[in-house]
Amino acid sequence: MSRPNYGFDDDCALFRDSARKFLSTHAGLDGLRRATALDPEPTRMPTAWPSEDAWQAAHELGFVAAAVPEAQGGLQLPRAALVALAEELGKHAFPSATESTLSVALLARRALEEHADSAAAAALFERLGEGARATLAVCNADGDWEHESGVRHTLAGQQRTLSGSAHFVQDAGQSEWFVVRSQGPSGVELLLVPGSASGLRRQRDGIVDLTREQGTLHFDGVVVSDSGVLLGGDALLTAAMPDVWLLLAADMVGASEWLLQTTVEYAKVRTQFDRAIGSFQGVKHPLVNAMMAIDRAKSLVYAAADALDQGADDALLLAHMAKAQAAEAAAFTSSRAVQLHGGIGFTWESDVHFFFKRNKHSELLFGDAAYHHARIAALLLDT
Amino acid sequence: MTSPPEPKSEPRTEHDEFREYCRAWLRDNRPPPAPVRLPQHPIETMTRAQLDYLQAWQRRCYDAGLVGADYPVEYGGRGHKGFQRIANEEMNRARTPFLVNMVGLGMAAPTIYHHAQEELKRELLPPLLSGEQIWCQGFSEPGSGSDLASVQASLTPDPSAPGDYLLNGHKVWTSLAHFAQWMILLVRTSREHKHKGLSYYVVPVEGHRGVTVRPLIKMTGEAGFNEVIFEDTPVKDAWRLGATGEGWSVAMTTLLHERGAGPLVTPAGGVGSEGLAHNVRGLVTLAREQRRNGRPAAEDPQLRARIAALAIRERGMLENAKRARSGALVEHPMRLPLQVKLASTELAQDLAAAALEVEGPAASLYLSDERAPVGGQWALAYMNSFGATIAAGTSEIQRNILGERVLGLPKS
């Protein structure tokens, strides 16, 4: 049985309020433009990285602690609070490693639940408590985290020696810690690797999305001992994926809501043929369709968050549904936002492109809508 | 030390107890199978035999407290809060027959409750809730469809009864009028103003002077709705709901509830014709049974993606309804309620269309052919689904309403 309000209680509301207050002062569109969009030349690497001050402030507000167990010094709020935060981050297209770090915190929480003596998880929580950023480095060059790993290791005693590459690593340049999926002689392991590890090279990706940072990690003789193993391997990663999907889905819900409201406001004031364009059904009806797609996604995100908290049987199904629906809502809303803004929506000068690009990025990470549809069909039809 | 948090154990509430009561009562009082084929939807009730069976069932549900639970006791209800939604969920779950007086329960009752004089409420609501008196709705006319405020049926003073009126006009798409004792009526009382020239009445139908009910046949071949002609039909002023000239705003109460967005939860639940689960589960069952390209249809990649997309819409609607009750998670109080009609009717249509595709050429077989998959019910459902995307404000009108009232866009 789902809880009233999907577990979004007064503590969650306070947490969201403080996030909103922080974002309204630290995450204005002017700042975003100054930080990321001064140089439109598409063949040059994006110029600016998120500010350290903003990350420190977010850390102090407990953005990450919200996912950390109380025994590890965190707040452990219901997941509804975490997706509410991701929704707000999306609404501001806020550049930060928050969602990556939350994903890792939730994975480590699962690791501790399964293996209470997991030294790697405990160590990670200690670093996160100090304000460290962490991210998943689990995809191969196809963006696939379920089949052949791009990183391999040999084993000698307690020592693993890593080679190969991890791709599409979010916040790769700014993270202090990586959870690396590596194929070893006795199977796939999840390894905790510090950004300062010898033999680790970070290559920045030149990406479309101006509000995020992504890179490729190259491993050439990086050494990890037993104490850096997050016990559980692929089973742990599989169990943790629904949280990754939900954070991305919630971000898309927020970014899409911004696009919807901004386009609605534009359609109220832009006149053609002596009428506000929002009075034309050719403009009005697609905006309503976008709203309904967003609402469905939002409801599924909170339902899935609650189901994961409660260990409900349909938690996995709901998480797939949330990511698939959010991706579809994001794609539709983004395309309509540019189209209905007309020529101005197609320019660098308009803010629409920040959210358009962020949404496209989120859609494609960790399984697009087609991937999740296939999983949903399997759950419904093959069991 | 870090086991997942225990869900807080809440004390048993009166709502939990009522749910258990409904579940037990529905288990112990399931009616015998219908002696005749039931329609898919209450408003398609065609024959007296169908009506008798369904009316008896509504009466039993009413006596058991499953219908009208949230209405005050003096109007025939039980005076509870939040019970009706639970009863509805349990009737749906039990798959018992639906409640036949749906125009009464869903449209007339909330309008009477909010706008009628005290005496009229006490007189009309109890037999409506019990299903003893069947209700129909007289809004649309041949020339007034989406532009509802253009209705022409009118009242003129009755020379033989001072203060009362004579009604002349022509109403259409009047579901259940062939069985109805009462009608809710939107009627013109002034030609000076469009909206302000409308008033709202309840009028007797069966056996009332100057009323002719003629059945209309739908594209499915079924009857169930009608046209109703009024010729100098007497109407008492005491049957008016709201002030003269305020009919449009009274009608908004009716329409809001008809579209599932009103404050009162409509007593509704259960199913119609046997054998059709008109939902994703029914579609999944069908896809497992039907074959396509030498394999179960459930293995066809295109159909799998389509079923997944429909499953998302179905579950999304369910979760929208839950989120609508979570104030902290909604942007605008009417944003989710006003989507219910549009989302549910378009989903039903797309589900049926997908089912026909799953059936393949066998979808050409209709109710008349015993070899038709699921008795030809999906073909019937697909055609009937257009009734729902047209009635009660077309999907196009629903999108205008959402765009204007929720998003604040200018009028089309």
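To find a chain, count down the sequence lines: A is the first, B the second, and so on, and within it residues start at 1.
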To the nearest 0.5 Å, how far apart are [atom1] in [X] and [atom2] in [Y]?
X	Y	atom1	atom2	result
A:Leu300	B:Ile312	CG	CD1	7.5 Å
A:Met292	B:Leu336	CE	CG	9.5 Å
A:Tyr6	B:Ser326	OH	OG	6.0 Å

- [ ] Show the numbers, then the answer: is there a side chain to side chain contact (heavy atoms under 4.5 Å, CB included) between A:Arg16 and B:Leu329?
- [x] CA-CA 11 Å; A:Arg16 185 178 65 182; B:Leu329 300 176; 4.0 Å; yes
- [ ] Check B:Ala311 against A:Met321 and note the closest heavy-atom contact, atom names and distance.
- [x]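 Nearest pair, atom of B:Ala311 first, then A:Met321: O-CE, 3.5 Å.
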TODO: Mind listing the closest non-hydrogen atom pair of B:Val284 and A:Leu380 along with its distance?
DONE: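 Closest pair (atom of B:Val284, atom of A:Leu380, distance): CG1-O, 3.7 Å.
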Task: Side-chain ion pair, A:Lys298 and B:Glu331, N-O less than 4.0 Å - done: yes
Task: Pair B:Arg288 + A:Asp382, salt bridge at N-O below 4.0 Å - done: no
Open item on the list: Using heavy-atom distances under 4.5 Å, tell me whether B:Arg281 contacts chain A through its side chain, its backbone, both, or neither.
Closed with: neither
Task: Check: B:Arg323 and A:Asp295 side chains under 4.5 Å, non-hydrogen atoms - done: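 A side-chain contact under 4.5 Å exists here.
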Open item on the list: In the structure I gave you, are the side-chain heavy atoms of A:Val288 and B:Gln398 within less than 4.5 Å of one another anywhere?
Closed with: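 No, every pair of side-chain atoms sits at 4.5 Å or beyond.
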Open item on the list: Which one wins on heavy-atom pair count under 4.5 Å against chain B: A:Ala377, A:Ala293, A:Ser279?
Closed with: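 Looking at each of A:Ala377, A:Ala293, A:Ser279 in turn, A:Ser279 comes out on top.
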Around [X], counting heavy atoms of other residues, nucleotides and ligands shown, do more than 12 lie under 6.0 Å from its [atom1]?
X	atom1	value
A:Lys21	NZ	no
B:Asp147	CG	yes
B:Glu17	CD	yes

Which bit of [X] is near chain B, if near means a heavy-atom gap under 4.5 Å: side chain, backbone, both or neither?
X	answer
A:Ala378	both
A:Glu257	side chain
A:Glu70	neither
A:Arg275	side chain
A:Leu318	side chain
A:Leu260	side chain

Open item on the list: Out of B:Glu396, B:Arg306, B:Met317, return the one with the most heavy atom pairs under 4.5 angstrom to chain A.
Closed with: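 Greatest number of close heavy-atom pairs with chain A: B:Glu396.
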Task: Donor-acceptor pair, side chain of B:Arg315 and main chain of A:Leu317, under 3.5 angstrom - done: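 Not at all, since once roles are kept as given, no pair shorter than 3.5 Å links the two residues.
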Task: B:Gln339 vs A:Met291, side chain to side chain contact (heavy atoms under 4.5 Å, CB included): CA-CA, chis, key distance, verdict - done: CA-CA 10 Å; B:Gln339 294 177 29; A:Met291 172 177 77; 3.9 Å; yes
Task: Pairs where residues 275-333 of chain A contributes a residue and the test ring-ring contact (aromatic ring centres under 6.0 Å, His included) is met, not counting sequence neighbours - done: A:Trp245-A:His320, A:His320-A:His372
Open item on the list: Can you list the residues of residues 401-412 of chain B that sit under 4.5 Å from chain A, counting heavy atoms only?
Closed with: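 Near chain A, by residue number: B:Leu402, B:Gly403, B:Glu404, B:Val406, B:Leu407, B:Gly408, B:Leu409, B:Pro410, B:Lys411, B:Ser412.
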Task: Distance-only polar pair, side chains of B:Arg399 and A:Asn289, donor-acceptor under 3.5 Å - done: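 Looking only at side-chain atoms, A:Asn289 and B:Arg399 do form a donor-acceptor pair, the distance falling under 3.5 Å.
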